[in-house]
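Naming convention: chains lettered A, B, ... in sequence-line order (proteins, then strands); numbering from 1 in each chain. Keep in mind that the numbers below use all heavy atoms, side chains included, and drop hydrogens, waters and symmetry copies.
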Amino acid sequence: MPEQRDLRHMRIRSRRDLKDNMLRTHYSREITPDDDGKNVVIAGWVHEIRDLGGIAFLVLRDRDGFVQVTLSKGKVDEKLFNLVRSIARESVVLVSGVVKREDKAPNGYEIIPSELQVLNKAESPLPLDVTGKVSADLDTRLDSRFMDLRRQRTQAIFRIRHHVLRAIRTFLENSGFVEINTPKIVATATEGGTALFPITYFEQEAFLSQSPQLYKQIMMAAGLDRVYEIGPIFRAEEHDTTKHLNEVSSVDIEASFVTHEDVMSILELLVKSTYSHVTERCKHELDVLGVRLKIPKVPFKRLSYDEAIDIGGIEWGDDLDTAAEKLVGEKISEHYFIVDWPTEIKPYYIETYEDRPEICKAFDLMHPRMEIASGAQRVHSHELLLRRIEAQGLNPEGFEFYLRAFKYGMPPHAGWGLGLERLLMTMLDLNNIREAILFPRDRRRLSP
RNA sequence: GCCCGGGUAGUGUAGUGGCCUAUCAUGAGGCCCUGUCGAGGCUUCGACUCGGGUUCAAAUCCCGACCCGGGCGCCA
């Protein structure tokens, strides 16, 4: 059983052993001046070559940073010296050599190479400048996203995105949430408003999911109590702004035996803990982006819809338009909630106040720049839910799979959905939401 | 979809009727240079989105198409 032997072999390997079997022995950050005299193999991209005639410097870039490889004429093999001078930037190389402590070198050390392999040549000219000397338009950058991601700034954004996701998962995990995955190919719309992307599902009509709303609610009937999902949602709206995308990453939670107030606390604590985590773990990245994070204080301000429209200068029953959103944002100037929305402008599945059915237990989480999340206490009575669906002019037949879950013991529950890209965009003060997603899908962009 | 602005070397820009065989930076090619770190010096290469029109003359003005940016709308 050769496979079994391999598996056993794998299991006893330490990290060190594994590394010995890889092309490189060290990432740039793993080398210090104290490694003076040590043999290392480093690998990465040729960031720059500075050829001074008698001495040449190759700046090698890997995931973690830069390493200077120094070649002095007469001290290294002449073939190697000439090879280095001829390599096109952004080519992929493997360098074996000795670490030398050197105060004149950028990190206090440099590599004196004994061998250099060009693993893959890069064509020239490059589609955009990686070093940061010349800027490029977002459109140009997105066309060559792989190259754009080699730039420090872009990479910083996506490393922070990784840490934001980690922080969210850790927080929800510690709060008793179970991660789930729900279908992205669906048969019906979740709610009335937003447009859906139709797709062909064998001989049936189907759509890309606009929200996991219905499925996460069904999970409340499954008795999981607290669930969350981080996944894509699709909206076929023809919007063309710096804060909308047609494919978004949504962070959704749903929890049983709680009120909308409870999930609002969870949401504000999650935002706060995400900011803290990023502040602690992404110092370098924040520095690259020139962002100084202020960790928001909880509880966030609660603003009623009535107060919000008063500041925004709009009529009762209207949703906040861009101008109103801006006015309120400027006035509050930190994260806040808008609560107690008119029932008629929110979806059917939101619970109304018993004494005032014209307003409902919905909330939006706002950053001064824009909305970043919305949620509510849900209707959990089958009878009431059916009436609300009909009242919104929707056909209950399409919701049969959903309504069934409310017939056999559905607990009271509440939840919310948070736009990951908007969280990132507001956190890092990015001016376009497309900066916060690797391969944005918008009205005109379907590739790469 | 509407309003406004724009499209110039691989990239980012200057140029609003003749001074444009088009500026600057970056890059690429060649030469010089033994401590660069946005290396430097000399040198060469490389572009007016497309189609139509006005004019003696168009990168520049007009019309149309396509594309891009900003604002708004749509949208939770």
Side-chain angles (χ1 to χ4, degrees), chain A residues 47-61 65-76 81 85-86 88-90 100 102-108 110 112 122-144 147-148 151-152 190-196 210-211 213 233-246 248 250-252 319-326 338 341 345-347 349-350 362-366 370-376 415-419 421-422 431-434 442-445:
Chain A
H47 189 69
E48 260 178 307
I49 291 166
R50 282 190 274 274
D51 175 8
L52 277 66
I55 188 166
F57 303 100
L58 181 156
V59 180
L60 181 145
R61 186 189 67 244
F66 304 96
V67 182
Q68 175 165 289
V69 179
T70 304
L71 301 95
S72 299
K73 203 171 203 165
K75 287 189 189 163
V76 295
F81 191 80
R85 295 205 290 189
S86 73
R89 52 174 62 204
E90 293 307 313
K100 186 182 161 217
E102 176 56 74
D103 291 340
K104 283 179 278 187
N107 303 326
E110 59 194 13
I112 309 302
E123 275 185 31
S124 163
L126 301 167
L128 49 87
D129 170 50
V130 184
T131 65
K133 286 180 211 165
V134 184
S135 62
D137 292 341
L138 182 59
D139 195 51
T140 307
R141 291 169 43 210
L142 291 175
D143 282 341
S144 301
M147 185 70 65
D148 179 46
R151 292 157 34 116
Q152 275 209 303
T190 305
E191 35 206 278
T194 195
L196 300 169
Q210 62 176 137
S211 157
Q213 181 64 35
I233 58 170
F234 307 90
R235 309 247 153 127
E237 300 299 332
E238 298 192 349
H239 32 50
D240 187 11
T241 76
T242 52
K243 57 180 185 188
H244 288 91
L245 291 165
N246 294 295
V248 179
S250 172
V251 179
D252 271 89
D319 208 342
L320 267 70
D321 57 21
T322 310
E325 206 175 77
K326 203 178 158 205
I338 300 179
W341 288 77
I345 58 170
K346 286 290 180 185
Y349 51 73
I350 294 178
F363 59 87
D364 280 7
L365 172 61
M366 310 293 295
M370 69 190 79
E371 178 200 336
I372 59 176
S374 72
W416 44 254
L418 164 78
E421 284 80 15
R422 286 197 174 181
N431 50 28
N432 194 314
I433 198 163
R434 278 155 260 240
D442 63 36
R443 181 74 183 84
R444 282 180 232 91
R445 187 175 282 277

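- When the salt bridge (Lys or Arg N to Asp or Glu O under 4.0 Å) test is applied to A:R443, the partners found at least two apart in sequence or on another chain are A:E238.
- A donor and an acceptor atom sit less than 3.5 Å apart, one in the side chain of A:E110 and one in the base of B:rG35.
- Under the salt bridge (Lys or Arg N to Asp or Glu O under 4.0 Å) criterion, A:E90 pairs with A:R61, A:R150, sequence neighbours left out.
- As judged by a 4.0 angstrom heavy-atom cut-off over every strand, A:D319 is placed among the base-contacting residues.
- The side chain of A:R235 contributes no N or O atom lying less than 4.0 Å from OP1 or OP2 of B:rA76.
- In terms of the salt bridge (Lys or Arg N to Asp or Glu O under 4.0 Å) criterion, residue partners of A:D139 (sequence neighbours excluded) are, by chain and number, A:R445.
- Taking A:D137 as the reference, nothing meets the salt bridge (Lys or Arg N to Asp or Glu O under 4.0 Å) condition, with sequence neighbours excluded.
- Atom C1' of B:rG53 sits at a distance of 47 Å from the matching atom of B:rG38, rounded to the whole Å.
- Applying the side-chain hydrogen bond (donor to acceptor under 3.5 Å, both in side chains) test to A:R151 and every residue at least two apart in sequence or in another chain returns A:D148.
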Which pairs, protein N/O on one side and nucleotides 27-32 of chain B N/O on the other, fall under 3.5 Å?
residue, atom, partner, partner atom, Å
B:rG27, OP1, A:K133, NZ, 3.0
B:rA28, OP1, A:R89, NE, 3.3

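- At a cut-off of 3.5 angstrom, the base of B:rC74 holds no donor-acceptor pair with the side chain of A:H239.
- Among the nucleotides B:rC74, B:rG69, B:rG35, the one closest to the side chain of A:T241 is B:rC74.
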